[in-house]
Structures are given as C-alpha cells and as structure tokens.
K.L.:
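Sharing a structure here in structure tokens format.
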There are 2 protein chains.
Amino acid sequence: MNTTTMGKEASLDGLEFDGDTVLCRVCGDKASGFHYGVHACEGCKGFFRRSIQQKIQYRPCLKNQQCNIMRVNRNRCQYCRLKKCIAVGMSRDGT
Amino acid sequence: MNTTTMGKEASLDGLEFDGDTVLCRVCGDKASGFHYGVHACEGCKGFFRRSIQQKIQYRPCLKNQQCNIMRVNRNRCQYCRLKKCIAVGMSRDGT
DNA sequence: GAACTAGGTCACTAGGTCAA
DNA sequence: TTGACCTAGTGACCTAGTTC
C-alpha cells in the first residue's frame with residue numbers, strides 16, 4: 001500500500017502525525033480517533049460506516065479509479081473514497 | 001461438528017489451550033482467568049457481569065440466533081454472546 | 001506472604017442523530 | 001449524503017476480598 005509517496009510533505013499515506021495531531025489515513029484531515037482499525041476523521045468514519053451498513057454500491061469512478069483522496073475533495077468520488085478506506089485497512093472488525 | 005476437531009487448531013468449543021495460552025471459552029480470545037465458572041477473557045467477563053447485574057434483556061438476534069462468537073465479531077450480537085456465555089457454563093456463582 | 005477472582009473504573013469507540 | 005456531536009457499551013486495568 002503506502003509505497004513511498006514521493007517526497008511531498010510526507011504524504012498522507014505513510015504518515016499519521018502532523019506535529020502532534022494524528023491524521024486521517026484516508027483523507028489527511030484531523031483524525032478523531034481509531035476507527036475500524038485505522039486512524040480516521042469523523043467524516044471518513046461515518047462514510048465507511050454507512051458504506052458497510054447499507055452495503056452501498058457506489059457508481060464507478062469516471063476517471064481512472066485512482067482519485068487522490070484529500071480533505072477538500074473527499075466527497076468528489078465515493079467510489080475512490082471507499083476504495084481508499086479499504087486500502088488503508090478499514091474493516092468492520094477493526095482488524 | 002464436535003468430535004475430532006480435525007487438525008485445525010482445535011475448535012474453541014472443546015479446547016481451552018492454544019499452545020500454552022488458555023483461551024476464552026466464549027470467544028476464543030486470550031483468557032485472563034477463571035471467571036464465573038469458566039476460562040474467559042476480560043471482555044466476556046465484563047460483558048457477563050454487566051448482563052447479570054442489570055438483568056439486561058438484549059434485543060433478539062436478527063439472524064438465526066446462532067451467531068458464531070469470535071474475538072473479532074463478539075460485539076456484533078449481544079444476544080448470541082450472552083447465549084454463548086450461558087451455554088459454556090458461565091453463572092453468577094461460578095458453578 | 002503469594003495467588004487468585006468479583007466487581008469497580010473510566011478512556012475509548014461503534015453506531016445513532018440531524019442540521020446543513 | 002455528509003460529518004460534528006452524543007451516548008451507551010466495551011474491555012484493560014485496578015482494588016478489595018478470599019483462600020492457601
């Protein structure tokens with residue numbers, strides 16, 4: 001998963017700290033805690049919960065299914081957001 | 001099923017040891033001791049204690065009341081968890 | 001004294017709520 | 001549909017009491 005995310009300022013993928021704030025592994029927003037197995041923000045927590053509760057099937061990504069999920073655009077593509085949630089390890093059993 | 005636990009690691013039902021660790025008879029997690037009459041983990045111990053203290057009536061299982069209780073999903077169905085606690089022999093006076 | 005467990009504590013999170 | 005906020009339930013840890 002978190003393959004060296006090229007320089008940047010530390011990429012959300014590999015990092016979970018920004019100073020002393022824990023960041024959401026999905027979108028990089030401030031994490032509100034450890035949810036479903038990963039540090040996540042309220043938004044991604046709720047999004048993932050809804051996704052598994054209702055077994056939602058999101059409309060496929062219109063681009064290349066590789067949308068870069070960030071706080072500001074996380075609601076742009078549900079398909080890729082859920083994909084990212086799973087990729088970073090979110091699961092019902094908080095594995 | 002019972003009987004020969006065929007290879008596997010020996011079904012939680014009949015076994016209490018996994019190597020040299022005693023396992024919780026309810027969920028298979030690591031037991032923290034002998035509680036209410038059976039080897040149980042801190043989680044199931046606390047769950048059972050609360051259940052008998054407050055005489056809680058859990059909402060009936062939405063499935064077939066035969067949920068397979070395991071460490072990762074033990075919080076999924078309280079009804080079946082308590083059922084399992086009783087089934088394996090937990091009781092207030094640690095009979 | 002050591003070894004043990006019933007019951008208490010409380011930081012933490014899953015899931016619910018509902019205004020936006 | 002989202003996500004900030006809320007609450008009830010969970011479980012790791014602690015303490016008091018019991019037994020050897």
Side-chain angles (χ1 to χ4, degrees), chain A residues 16 21-61 67 69-86 88-95, chain B residues 16 20-62 67 69-86 88-95:
Chain A
E16 13 185 271
T21 314
V22 182
L23 303 181
C24 172
R25 297 272 294 176
V26 181
C27 73
D29 195 0
K30 189 163 98 55
S32 68
F34 199 72
H35 303 291
Y36 300 102
V38 309
H39 288 291
C41 65
E42 280 299 303
C44 291
K45 178 191 90 171
F47 173 78
F48 186 75
R49 184 183 68 235
R50 264 172 259 126
S51 298
I52 56 177
Q53 278 176 336
Q54 313 161 41
K55 302 186 179 66
I56 295 179
Q57 277 287 61
Y58 294 117
R59 241 180 278 103
C61 172
C67 296
I69 308 298
M70 305 183 345
R71 191 181 70 76
V72 293
N73 69 4
R74 65 188 176 203
N75 289 322
R76 212 72 70 69
C77 177
Q78 297 175 308
Y79 186 92
C80 286
R81 190 185 192 179
L82 179 55
K83 184 154 160 278
K84 181 76 176 290
C85 284
I86 295 169
V88 299
M90 290 184 92
S91 76
R92 168 170 256 152
D93 317 324
T95 312
Chain B
E16 10 185 272
D20 45 8
T21 314
V22 182
L23 303 181
C24 173
R25 297 273 293 176
V26 180
C27 72
D29 194 1
K30 189 163 97 57
S32 68
F34 198 71
H35 304 291
Y36 301 101
V38 309
H39 288 290
C41 64
E42 280 298 303
C44 291
K45 179 189 89 169
F47 173 79
F48 187 75
R49 185 183 68 235
R50 262 173 263 126
S51 298
I52 56 177
Q53 278 176 336
Q54 313 162 42
K55 302 188 180 65
I56 294 180
Q57 276 288 61
Y58 295 116
R59 238 179 281 103
C61 173
L62 297 175
C67 295
I69 308 298
M70 304 182 349
R71 190 182 69 76
V72 294
N73 69 6
R74 65 189 176 201
N75 290 323
R76 213 74 72 71
C77 179
Q78 298 173 309
Y79 186 92
C80 286
R81 189 183 192 180
L82 180 55
K83 186 156 159 274
K84 180 78 176 286
C85 283
I86 296 169
V88 299
M90 290 183 94
S91 73
R92 188 187 301 262
D93 21 323
T95 314

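Given the structure is predicted, the values throughout are model-derived calculations rather than measurements. First the proteins, then the strands, lettered A, B, ... as listed; each starts at 1.
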K.L.:
On the nucleotide D:dG3, are OP1 or OP2 found under 4.0 Å from the side-chain N or O atoms that A:N75 carries?
P.N.:
yes

K.L.:
For D:dG9, does OP1 or OP2 lie under 4.0 Å from any side-chain N or O of B:R81?
P.N.:
no

K.L.:
On the nucleotide D:dT2, are OP1 or OP2 found under 4.0 Å from the side-chain N or O atoms that A:Q78 carries?
P.N.:
yes

K.L.:
Closest to the A:F47 side chain: D:dG11, C:dG7, D:dT2?
P.N.:
D:dT2

K.L.:
Between B:Q54 and D:dG9, does any side-chain N or O lie under 4.0 Å from OP1 or OP2?
P.N.:
no

K.L.:
Between B:Y58 and D:dG9, is there a contact of a side-chain N or O with OP1 or OP2 at under 4.0 Å?
P.N.:
no

K.L.:
Who are the ring pair (Phe, Tyr, Trp, His ring centres under 6.0 Å) partners of A:F34, not counting sequence neighbours?
P.N.:
A:H39

K.L.:
Which nucleotide in the list D:dG3, D:dT10, C:dA14 gets nearest to the side chain of A:H35?
P.N.:
C:dA14

K.L.:
Quick check: are there more than 12 heavy atoms from other residues, nucleotides or ligands sitting under 6.0 Å from CD of A:Q54?
P.N.:
yes

K.L.:
Just grab all the salt bridge (Lys or Arg N to Asp or Glu O under 4.0 Å) pairs involving residues 31-45 of chain A, residues at least two apart or on different chains.
P.N.:
A:E42-A:K45

K.L.:
Checking A:R76 now: which residues fulfil side chain to side chain contact (heavy atoms under 4.5 Å, CB included) with it, not counting sequence neighbours?
P.N.:
A:N73

K.L.:
Rounded off to whole Å, could you give me the CZ-to-C1' distance for the A:R71 and D:dA4 pair?
P.N.:
14 Å

K.L.:
Rounding to an integer number of Å, can you tell me how far B:N73 CG sits from D:dG11 P?
P.N.:
11 Å

K.L.:
Quick one: list whatever passes salt bridge (charged side-chain N to carboxylate O under 4.0 Å, His left out) with A:R50, sequence neighbours left out.
P.N.:
none

K.L.:
What pairs with A:R81 under salt bridge (charged side-chain N to carboxylate O under 4.0 Å, His left out), at least two apart in sequence or on another chain?
P.N.:
none

K.L.:
Which is more 5' along DNA chain C, the nucleotide nearest A:I52 or the one nearest B:I52? Just name the residue.
P.N.:
B:I52

K.L.:
Is it true that, when you exclude B:Q57 itself, more than 12 heavy atoms of the residues, nucleotides or ligands shown sit nearer than 6.0 Å to its CD?
P.N.:
no

K.L.:
Going 5' to 3' along nucleotides 12-20 of chain D, which nucleotides have protein heavy atoms under 4.0 Å from the base (write B), which only from the sugar-phosphate (write S), and which from neither (write -)?
P.N.:
BB-------

K.L.:
Please state how far atom CD1 in A:I69 lies from atom P in D:dT2, giving the value in whole angstrom units.
P.N.:
12 Å

K.L.:
Take the protein atom NZ of A:K30 and the nucleotide atom C1' of D:dA4, then report the distance between them rounded to whole Å.
P.N.:
11 Å

K.L.:
Please give, in whole Å, the distance from C:dT5 C1' to B:D93 CG?
P.N.:
14 Å

